[in-house]
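Worksheet for the structure shown next.
If you're wondering where the values come from, they're calculated on a predicted model, not measured in any experiment.
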Amino acid sequence: MGDVLKKIRAVLFYLWQFTFALLQNIIGLIMLAIYKPKGAQSEWYHNALITYIDKKNFGGVSLGMFIFINKNKTGDALHDIKIHEYGHTVQSMLLGPVWLLVIALPSVIWCSLPALVKLRKEKNISYYWLYCEGWSNLCGLWATKERFLTAECLNRGRYGKPINPNRNKRKDIKGRRRQK
């Protein structure tokens with residue numbers, strides 16, 4: 001029964017991606033067609049296709065179900081980038097065609113505009129402070145059921161704030177402290 005549900009979810013995922021989120025998936029397919037002949041390696045991650053590309057000053061980008069990550073990222077940073085970029089995939093499914101204007105455009109500007117990069121460094125502003133980036137982290141955590149590992153994502157991944165604030169202070173139904 002579990003395998004059947006998994007297959008049904010996958011079919012619904014792809015059906016939704018190639019209908020409601022069609023435009024960003026077409027752009028993602030074009031990027032895949034550009035990088036795959038250059039030897040880029042790919043892997044499946046929660047029904048999305050992650051492709052590792054060799055590009056300087058690049059962390060990652062999500063275009064529908066197609067995720068592109070710098071091939072030089074490793075360890076905990078790679079793990080967290082996968083969750084974050086998958087969050088953009090979830091946003092794409094929620095917003096459909098307006099995702100490009102509401103999420104992608106502000107994200108590209110926030111990430112690459114030199115004045116904003118300088119501002120983030122000078123004022124020590126988290127990359128995840130911007131609404132679309134913080135929301136992506138929350139969507140990625142929810143959808144993958146995984147946890148962030150790097151200090152940056154744990155401490156500043158929710159709109160520049162900790163992901164699980166007051167986690168140790170939470171209580172269960174009977175008023176007892178929750179175990180981690």
Next item on the list: Look at the rings of Y86 and Y45 and say which category their plane angle falls in: under 30° parallel, 30 to 60° tilted, over 60° perpendicular.
Entry: perpendicular

Would you indicate whether the side-chain heavy atoms of [Y] and [X] approach each other to under 4.5 Å?
| X | Y | result |
| --- | --- | --- |
| L63 | W99 | yes |
| W44 | L49 | yes |
| V61 | M31 | yes |

Note to self: Both conditions, 6.0 Å and 45 degrees, for the charged tip of K161 above the ring of Y159: are they met here?
What the structure shows: no

Next item on the list: Mind checking the CD1-CG spacing from I67 to L32? Nearest 0.5 Å is all I need.
Entry: 12.0 Å

Note to self: Is there a side-chain contact (heavy atoms from CB on, under 4.5 Å) between N72 and Y52? Walk through the geometry before answering.
What the structure shows: CA-CA 8 Å; N72 297 316; Y52 299 96; over 6 Å; no

For [Y], is there any backbone N or O sitting under 3.5 Å from a side-chain donor or acceptor partner on [X]?
| X | Y | result |
| --- | --- | --- |
| Q24 | G96 | yes |
| Q17 | N25 | no |
| D76 | T150 | no |
| D80 | F148 | no |
| R120 | W110 | yes |

Notebook entry, point to check: Taking the six-membered ring where the residue is Trp, are the ring centres of F20 and W16 under 6.0 Å apart?
Noted result: yes

Check: Got a sec, which residues hit ring-ring contact (aromatic ring centres under 6.0 Å, His included) with H88, two or more places apart in sequence or on another chain?
Finding: H84

Item checked: T51 and K36 side chains, donor-acceptor separation under 3.5 Å -> no

Next item on the list: Check G157 against N137 and note the closest heavy-atom contact, atom names and distance.
Entry: O-ND2, 2.8 Å

Item checked: Which residues share a side-chain hydrogen bond (donor to acceptor under 3.5 Å, both in side chains) with H79, sequence neighbours left out -> none

